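Let me begin by presenting the structure, written as structure tokens, before commenting on it.
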Amino acid sequence: MHDLNFIRENPNLFDLGLKKRFLEPQSQIILDLDLKKRDLLTKSQDLRSERKNLSASFSQLNDEDKAVLQKKVQDIKNDIDQYENEISKIDSQLKDILSSLPNLPHADVPIGEDEKSNIIIKKMGNIPTFSFKPKPHYELGEELGMLDFDQAGKVSGTRFVYVKNHLARLERAIANFMLDKHTSDFGYMEIIPPNLVRDAAAYGTGQLPKFSDDLFKTNTDHWLIPTAEVPLTNLFLDTIVLDKTLPQRYTAWTPCYRSEAGAAGRDTRGMIRQHQFSKVELVSITNEEDSEKELERMLNCATSILDDLKISYQVMLLSSGDMGFSAEKTYDIEVWLPGEGKYREISSCSNCRSFQARRMNARYKSDEQNKFVHTLNGSGLAVGRTLIAVLENYQNEDGSITVPDVLLPYMGDIKVIKKF
RNA sequence: GGAAGGAUGGCUGAGCGGUUGAAAGCACCGGUCUUGAAAACCGGCAAAGGGGCAACUCUUUCCUGGGUUCGAAUCCCAGUCCUUCCGCCA
């Protein structure tokens with residue numbers, strides 16, 4: 001949601017921001033509506049004021065004057081109703097426009113229509129070399145008998161998988177390792193959030209109203225969360241917190257459900273793109289001064305996981321056309337997958353500034369003034385894709401998987417995952 | 001699924017149809033005191049929006065939407081949400 005005051009004061013900046021997103025200018029339309037609304041508002045307020053003053057003298061009047069007054073107030077009331085009808089129409093038009101426009105890109109963000117304009121910020125680790133041809137994760141998993149796409153297809157359809165046996169344990173180990181690190185080393189509070197949310201929450205983080213097609217809905221009109229960002233950020237839905245309690249940092253390991261409506265035909269093999277996957281999410285709530293440095297901090301929390309796993313990756317600064325709806329600046333972390341021979345997204349860390357907070361009405365008290373909090377979210381990391389990365393990077397020639405050192409404490413006495 | 005109760009400021013919680021934007025307490029901010037802090041005491045403290053260069057002023061808001069009334073936090077209707085009890089159940 002955009003700040004109407006900002007648009008009033010900086011219509012050109014606003015349109016420029018939209019242009020960076022490859023959208024048509026909107027400030028003129030918005031300001032025209034705003035002007036019209038304020039004009040009507042002033043009129044209706046004057047009438048209200050008049051009515052109030054008339055009513056105040058009511059008890060001192062004689063019966064005849066009372067009757068006159070009643071008639072007069074009735075007329076005023078009709079006029080007020082008319083004005084207010086028009087006002088509420090304009091209001092809903094304004095809201096429709098403002099709530100469907102994406103956040104404006106930060107000045108750092110490169111301008112470009114798609115991922116081709118993303119900028120590589122850093123590369124960590126060398127691309128590993130193998131003395132044999134590395135396999136993709138789905139071949140490794142199926143040959144181990146621990147990824148079962150066929151039966152999942154029968155039971156649930158495409159884009160589902162059974163993860164079995166030691167790979168299931170490995171996935172749990174990965175998630176636990178991430179959670180332990182984020183809570184113990186980085187000060188995030190662990191949360192087990194609701195996995196079903198209402199409209200208001202999905203609206204608050206920006207999934208609604210535009211992206212309902214990407215979500216699953218229950219017959220109770222709940223939405224299945226597409227990411228824990230939704231329930232974690234909405235911890236602040238309709239609240240006011242004290243400035244000194246910020247920043248607040250939360251992490252959760254949850255399943256994520258996505259309809260993948262627009263992804264037909266993409267990544268159909270393997271578990272890169274599933275309707276259900278698990279993810280460890282990071283969410284930070286800060287005041288308006290601290291959000292930029294918090295984004296850098298969050299990025300480091302996420303990349304440290306890959307550093308510890310000793311898997312190479314690159315960090316991308318997303319271009320204006322590749323960013324999500326609510327973000328003003330986003331870093332993607334892309335991990336090297338030897339089986340595919342390319343980097344694939346494993347995390348996305350975004351600063352949404354006050355964009356979500358406005359939708360959620362999430363504020364903090366600062367110098368006796370209420371301001372909107374800044375919200376940030378990032379994957380720390382996508383657990384399913386981390387499993388893929390471990391499989392492909394730690395594969396051996398015989399198809400077995402060596403367990404990374406940092407995961408050994410979570411794997412019992414399993415050091416190598418191999419076929420029985 | 002059955003029954004009952006409730007929704008008021010950041011929180012708790014008062015509120016005969018007419019200066020009630022709303023008592024009180026807590027929290028918060030400023031001050032006095034103190035070596036410092038705490039305590040105590042004094043003062044301040046809802047939000048959103050309109051008009052005005054400004055001091056200021058006006059309007060709206062007591063869950064939402066309708067209605068009754070000259071006038072609604074207060075009365076009526078509908079809806080949403082929450083709580084409690086019973087039943088079922090992990």
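Being a predicted model, the structure only gives us computed values, none of them experimental. Proteins come first, then strands; the chains are lettered A, B, ... in the order of their sequence lines, and each starts at number 1. Scope of the values below: all heavy atoms of this structure, side chains included, with no hydrogens, waters or symmetry mates.
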Working note: R21(A) + E113(A), criterion salt bridge (Lys or Arg N to Asp or Glu O under 4.0 Å); need CA distance, chi angles, decisive distance, verdict. CA-CA 8 Å; R21(A) 290 267 200 176; E113(A) 285 188 62; over 6 Å; no

Are F325(A) and F211(A) close enough, and set up right, to give a ring-ring contact (aromatic ring centres under 6.0 Å, His included), and what steps lead you there? CA-CA 10 Å; F325(A) 181 75; F211(A) 305 103; 5.3 Å; yes

Run the ring-ring contact (aromatic ring centres under 6.0 Å, His included) test on H275(A) and Y257(A) for me, step by step, so that the C-alpha distance in whole Å, both residues' side-chain angles and the decisive distance to 0.1 Å come before the verdict. CA-CA 5 Å; H275(A) 285 309; Y257(A) 300 93; 9.8 Å; no

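Annotation: side chain of F420(A) is in contact with side chain of H166(A) (closest heavy-atom distance under 4.5 Å).
Shown here, G65(B) forms a base pair with C77(B); the pair counts as Watson-Crick or G-U wobble because both key distances fall under 3.5 Å. The partner of G43(B) is C29(B), judged by Watson-Crick or G-U wobble contacts that both fall below 3.5 Å. Under the Watson-Crick or G-U wobble criterion, with both distances below 3.5 Å, G1(B) is paired with C86(B). Remark: U34(B) base-pairs with no nucleotide in the shown strands. Criterion, Watson-Crick or G-U wobble with two distances under 3.5 Å. Across all strands shown, G71(B) forms no Watson-Crick or G-U wobble pair with both distances under 3.5 Å.
Within the 4.0 Å cut-off from OP1 or OP2 of C82(B), at least one side-chain nitrogen or oxygen of R198(A) is found. Look at R48(A) and you won't find any side-chain N or O under 4.0 angstrom from OP1 or OP2 of C58(B). A sub-4.0 Å separation between OP1 or OP2 of G50(B) and a side-chain N or O of R38(A) is present. OP1 or OP2 of G51(B) has not a single side-chain nitrogen or oxygen of T42(A) nearer than 4.0 Å. Contact annotation: R51(A) does not reach the phosphate of C58(B) (side-chain N/O to OP1 or OP2, under 4.0 Å).
Between U8(B) and U83(B), the two P atoms lie 14 Å apart (nearest whole Å). For the P atoms, the distance linking G66(B) with A55(B) amounts to 35 Å, nearest Å. The separation of U12(B) from U19(B), taken at their C1' atoms, amounts to 27 Å, rounded to a whole angstrom. Taking atom P in both G43(B) and A24(B), one finds a spacing of 12 Å when rounded to whole Å. If you take atom P in U64(B) and the same atom in A38(B), they sit 39 Å apart, rounded to whole Å. Rounded to whole Å, the separation between the C1' atoms of A23(B) and C76(B) comes to 28 Å. Distance noted for atom P between G87(B) and G21(B): 48 Å (whole Å). C75(B) and G15(B): their P atoms are spaced 12 Å apart (whole Å).
Rounded to a whole Å, the CG atom of L40(A) is 18 Å from the P atom of G49(B). What separates NZ of K365(A) from C1' of C29(B) is a distance of 10 Å, to the nearest Å. One atom, CG of L242(A), and another, C1' of C29(B), lie 11 Å apart when rounded to the nearest Å. Residue Y83(A) contributes atom OH, which lies 17 Å from atom P of U59(B) at whole-angstrom precision. Taking atom CG of L35(A) as the reference point, atom C1' of G49(B) lies 15 Å away to the nearest angstrom. I87(A) has its CD1 atom 13 Å from the P atom of U61(B), to the nearest Å. The nearest whole Å value for the distance from the NZ atom in K37(A) to the C1' atom in U60(B) is 11 Å. In this structure, I76(A) atom CD1 and C70(B) atom C1' are separated by 11 Å, rounded to whole Å.
Just one residue in the list R353(A), K329(A), E292(A) forms a side chain to side chain donor-acceptor pair (under 3.5 Å) with H106(A), and that residue is E292(A).
For R363(A), the side-chain atoms get nearest to A47(B) when compared with the rest of G50(B), A47(B), C29(B). Of the candidates G50(B), U59(B), C29(B), the closest approach to any side-chain atom of K244(A) belongs to C29(B).
A residue-by-residue look at L41(A) and E84(A) shows that L41(A) has its nearest nucleotide of RNA chain B further toward the 5' end.
Geometrically, R359(A) engages Y203(A) in a cation-pi contact defined by less than 6.0 Å to the ring centre and at most 45° from the axis.
Among the heavy atoms of the strands lying under 4.0 Å from R8(A) are primed sugar atoms or P, OP1, OP2 only; no base atom is included.
Centroid-to-centroid, the aromatic rings of H374(A) and F355(A) stay 6.0 Å apart or farther.
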